[in-house]
Amino acid sequence: MPVVADDGTPPPPSAASPLRVAVIGAGPAGIFAADALTRQSDVPVAIDLIDRLPTPFGLVRHGIAPDHPKMRAIRDTLHRSLDHPLVRFVGNVEIGTDITLDELRRHVDAVVYTYGAALDRQLGIEGEDLPGSLAATEFVSWYCGHPDADRERVESALAGARSAVVVGVGNVALDVGRVLARTAEELEPTDMPQHVLDALAAAPIEEVTVLGRRGPAQATFTTQELRELDGLADATVLVDPAELELDPGSEERAAADRNVSRNLAVLRGWTDHSATAGRVRLRLRFFRRPVRLLGTDRVTGVEVERTAVDGDGRAMGTGELEVVPADLVVRSVGYRGTPLPGLPVDERSGTVPHEAGRVLRDGRPSPGEYVAGWIKRGPTGVVGHNKHDARETIAGLLADAADGTLRVRGPVDDLVETLQAGGAEPVLLENWRAIDAAEQSLGATRGRARTTMHEREALLAAARAAAAAQS
Ligand code: NAP
């Protein structure tokens with residue numbers, strides 16, 4: 001218990017009375033933030049890593065495509081940080097439902113918000129809500145086995161679909177296009193839930209069009225992800241050579257940016273592909289902006305307007321319209337942050353206002369509040385970018401602890417006990433280990449390394465079995 005000095009000032013954190021930090025969101029940003037806190041010894045800390053799901057890893061579990069096992073292997077690294085004795089994983093706890101932000105803040109000395117950007121962005125065009133039209137976030141959540149995925153909605157959109165349009169030319173669009181174009185045999189060894197594998201295997205997809213509203217020089221996908229499309233077992237990538245002709249602004253961009261020039265080289269290598277090879281034609285089309293989705297009972301196509309890019313790379317409509325037939329439309333136009341009740345959010349960017357990771361309220365750093373990851377910088381960058389980002393935030397937190405801005409505020413009840421007393425069911429690391437083991441056992445029944453369990457109740461049942469065995 002911190003001893004309060006005569007002048008009423010609490011002392012700095014000590015081993016007996018460490019700085020209590022709650023990190024909200026156990027995805028890569030949260031785990032890297034916790035890790036940065038454990039890798040220093042200047043400020044004694046105790047960390048509660050809270051997640052609303054009973055499972056850690058955020059987008060590493062529910063975002064990175066399951067056919068990218070090497071990328072998903074980062075969870076082994078993240079797992080090591082969870083194992084640290086100063087870190088306590090507290091899953092299945094939703095801020096605003098199980099505990100308010102104010103209550104949480106009374107239990108800890110500092111909060112680091114790392115809960116990401118889980119919402120989809122919309123196109124804002126007619127027909128967007130027709131059956132058969134999905135957000136990439138919905139499709140990705142479904143194929144990754146997220147407990148909140150709307151199975152019925154996604155599976156009814158996919159059922160019977162022969163032609164799909166994916167709107168957007170970022171890495172998520174490539175993930176979606178690639179997963180749709182893969183054969184059942186290619187997906188079989190992944191950790192996708194069995195119902196996902198079955199639904200994808202049953203979908204008679206023959207044509208996938210990935211649609212860019214600007215040119216190939218403005219696409220945001222990265223070369224490694226693009227190149228991978230050429231290695232699909234039964235799909236051919238098709239590119240129209242006319243769409244690879246560059247205006248002077250795009251030439252300049254290609255000369256200045258190696259990712260752009262490499263993308264263009266890869267795309268040029270595909271212009272002579274034959275449309276008759278393979279079960280699926282995977283078309284990459286550029287200079288087409290969706291104007292509306294067509295159909296009455298469900299989507300039948302996307303009306304697009306041809307575009308050209310101006311000198312600054314902006315898309316300008318030409319007025320020329322055409323229809324791309326589609327039974328399934330997946331808009332992959334970026335993620336968006338959600339406001340947490342009680343936390344300021346910049347509506348335009350969907351991020352929490354901050355200065356080098358210190359949360360700003362009314363333009364001023366709010367003592368004890370920090371932010372890292374996508375909710376800090378917006379939905380860009382790969383998993384590794386969160387490491388540097390989290391380090392910046394934690395450096396600010398530690399500096400605040402060192403100069404006395406952050407203090408240990410007297411004795412408090414244990415957070416987990418408070419949550420349990422309030423009826424919540426926190427899932428701790430040992431419970432998560434039981435879930436992990438259950439997923440591996442489930443996978444083993446089909447000769448796979450693991451199969452993701454997609455139902456919250458099944459996850460909690462595995463966690464409860466572990467808790468019962470311990471008591
Ligand atoms: P993104 O890279 O920002 O791509 C969004 C795409 O949507 C862009 O092509 C954008 O075009 C387009 N778009 C936006 N609004 C549109 C509209 N109204 N109409 C038509 N097109 C529109 O985002 P993301 O693909 O969601 O990826 C998010 C982050 O995760 C990225 O940093 C990505 O690299 C990363 N990620 C990485 C991997 C990997 O490494 N394998 C996998 C998945 C995701 P404009 O450019 O014209 O706006």
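Keep in mind that the numbers below use all heavy atoms, side chains included, and drop hydrogens, waters and symmetry copies. Note that the structure is predicted; figures quoted are calculated from it, not measured. By convention here, the first residue in the shown sequence is residue 1. Counting convention: from 1, in listed order, for ligands and their atoms alike.
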Can you find a heavy atom in the side chain of L200 that is under 4.5 Å from one in the side chain of M192? yes

If you look at each N/O of ligand 1, which protein N/O atoms lie under 3.5 Å away, and at what distance?
residue: ligand 1; atom: 2 (O); partner: T220; partner atom: OG1; Å: 2.8
residue: ligand 1; atom: 4 (O); partner: T220; partner atom: OG1; Å: 3.3
residue: ligand 1; atom: 7 (O); partner: S332; partner atom: O; Å: 3.4
residue: ligand 1; atom: 9 (O); partner: V169; partner atom: N; Å: 2.9
residue: ligand 1; atom: 15 (N); partner: R213; partner atom: NH2; Å: 3.3
residue: ligand 1; atom: 18 (N); partner: R213; partner atom: NH1; Å: 3.4
residue: ligand 1; atom: 25 (O); partner: N171; partner atom: N; Å: 3.3
residue: ligand 1; atom: 25 (O); partner: V172; partner atom: N; Å: 3.1
residue: ligand 1; atom: 32 (O); partner: G381; partner atom: N; Å: 2.6
residue: ligand 1; atom: 34 (O); partner: N171; partner atom: ND2; Å: 2.9
residue: ligand 1; atom: 41 (N); partner: E225; partner atom: OE2; Å: 3.2
residue: ligand 1; atom: 46 (O); partner: R214; partner atom: NH2; Å: 2.8
residue: ligand 1; atom: 47 (O); partner: R213; partner atom: NE; Å: 2.9
residue: ligand 1; atom: 47 (O); partner: R214; partner atom: NE; Å: 2.7
residue: ligand 1; atom: 48 (O); partner: R213; partner atom: NH2; Å: 2.7

Counting N and O atoms only, with roles assigned by atom type, does the side chain of D234 sit under 3.5 Å from a partner on the main chain of R279, one being a donor and the other an acceptor? yes

According to side chain to side chain donor-acceptor pair (under 3.5 Å), does anything in residues 330-341 pair up with another residue at least two apart or in another chain? List the pairs. D120-R331, E128-R331

Any ion pair linking R182 and E228 (charged N to carboxylate O, less than 4.0 Å)? yes

Are the side chain of T393 and the backbone of V371 linked by a donor-acceptor contact shorter than 3.5 Å? yes

Report yes if some heavy atom in the side chain of S141 is under 4.5 Å from a heavy atom in the side chain of D148; otherwise report no. no

